[in-house]
Enquirer: 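Here's a structure for you.
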Amino acid sequence: MSLPRQDTFVSYPDGAVTSTGTVVHLELLADGRVVVVLDRTAFHPVDPVWPDQPADTGTLEMNGVAHPVLDAVVGATDGSTLFVGDAPVRTGTEGWAFVVCHVVGDVAGIDIGATATVTVDADARHALSAGHTACHLASLALNEALAGLWTKEVPLDARGFPNFDQLAIVESRIVAGGSVDRYRIGKSLRKSGFAAVELEPRLAGVTARADELLAGWVASGAPVTIARAGDGLGDRRTWRCELPEGVVEIPCGGTHLASLAELASVTVSLDLTTADGALELTLRTTT
Ligand SMILES: [Zn+2]
């Protein structure tokens, strides 16, 4: 069976929750489940390289049978092997095709060339989109709120503040209506000029400043769009939010709200702990 040489066309960045496509590849997994690859899909897959936003939930309907999608994951193929969730390259690497692997229980009677309709659980998607939009805003708010703790020049974020988020993040998880980000403040961040010892006494102030910024942005009802270099899963996409003080852009493969007007509020909480000689900061964002 030949493997796809083209990326799956994905419509979830534009907010789509349903799509109809053609089956271009089927593959049996070791555990008996089946991977279905379509030429196009609205289903957001988890990217194992940076698994911030979980996979959509929903169904894949073929031949009048709606199969629950048990998992959806980014797959990569060099033309000879399909790597399902364990690609040896980053999503978007030249010379590889990146495909959405819809994992279902069985596809008896389905062949290559069959038509399939995917339907995403729209409420669950909306909650993840809200969480992801809030997550980006919170990272920007945190960067500004922590700006006074830097003593040296470091790379700046989309708004011109020291990019603590990018320099310290170890894990980001989007959840329904929010997110949890973990940051590590170790030796290298201190060497870069981050005044780690001042963080704890200032934590309440940092939280208050972040909440204040977030409230202002939510009140602005700023539009949000996803700019795309192409329709393929591996094409670069950028989250773009027209904040009152200027447009901000962050590279992002996830889904988002269309406007901050859809959010009633965004607030954060910060937790500081010690682990292996380093500080760990946890940012919880809630909408
Ligand atoms: Zn993102």
Side-chain angles (χ1 to χ4, degrees), residues 7-8 10-17 41-57 72-74 85 87 90-92 98 100 120 124-144 155-159 161 163-183 210 213-214 217-218 222-243 246-260 262-263 266-268 281-287:
D7 283 13
T8 307
V10 291
S11 50
Y12 57 81
D14 306 322
V17 288
T41 189
F43 228 87
H44 174 265
V46 66
D47 188 342
V49 176
W50 184 250
D52 55 349
Q53 184 173 335
D56 280 333
T57 48
V73 60
V74 172
R90 280 193 83 86
T91 304
F98 296 90
V100 176
V120 173
R125 160 74 73 75
H126 188 265
L128 289 170
S129 295
H132 204 148
T133 298
C135 177
H136 283 204
L137 294 175
S139 71
L140 293 167
L142 181 66
N143 282 346
E144 179 173 339
L156 304 178
D157 69 10
R159 297 176 58 248
F161 291 94
N163 204 340
F164 173 86
D165 176 73
Q166 190 186 56
L167 293 163
I169 197 155
V170 288
E171 186 185 77
S172 180
R173 286 286 182 273
I174 310 299
V175 297
S179 60
V180 182
D181 294 297
R182 285 198 307 115
Y183 301 94
L213 287 163
L214 288 163
W217 294 337
V218 168
V224 175
T225 49
I226 306 288
R228 313 176 64 172
D231 293 335
L233 173 57
D235 289 320
R236 191 180 166 81
R237 291 185 287 282
T238 308
W239 176 82
R240 203 170 179 280
C241 183
E242 296 174 36
L243 294 178
V247 175
V248 288
E249 294 186 338
I250 295 177
C252 181
T255 68
H256 288 276
L257 300 177
S259 158
L260 303 190
E262 294 179 55
L263 293 165
V266 178
T267 54
V268 295
L281 183 68
T282 303
L283 167 69
R284 284 189 180 78
T285 305
T286 313
T287 63

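Position 1 is the first residue of the sequence; numbering continues from there. None of these values were measured; they are calculated from a predicted model. The analysis underlying the following values was restricted to heavy atoms, covering all of them including side chains, and did not include hydrogens, waters or symmetry mates. Both counts, for ligands and for their atoms, begin at 1 and track the order of listing.
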Enquirer: How close do Ala176 and Leu128 get, counting heavy atoms only, and between which atoms?
Expert: N-CD2, 4.1 Å
Enquirer: Short check: any N/O/S atom of Cys252 below 2.8 Å from the Zn ion (ligand 1)?
Expert: yes
Enquirer: Just by modelled atom types, is the Gly131 backbone N or O under 3.5 Å from a matching donor or acceptor in the Thr287 side chain?
Expert: no
Enquirer: Report the name of the N/O/S atom of His132 located nearest to the Zn ion (ligand 1).
Expert: NE2
Enquirer: Which label fits Trp239 and His136: parallel for a plane angle under 30°, tilted from 30 to 60°, or perpendicular past 60°?
Expert: perpendicular
Enquirer: Tell me whether the Zn ion (ligand 1) has His136 as a neighbour, meaning an N, O or S atom of it below 2.8 Å.
Expert: yes
Enquirer: Can you say whether the rings of Tyr12 and His44 are parallel (under 30°), tilted (30 to 60°) or perpendicular (over 60°)?
Expert: perpendicular
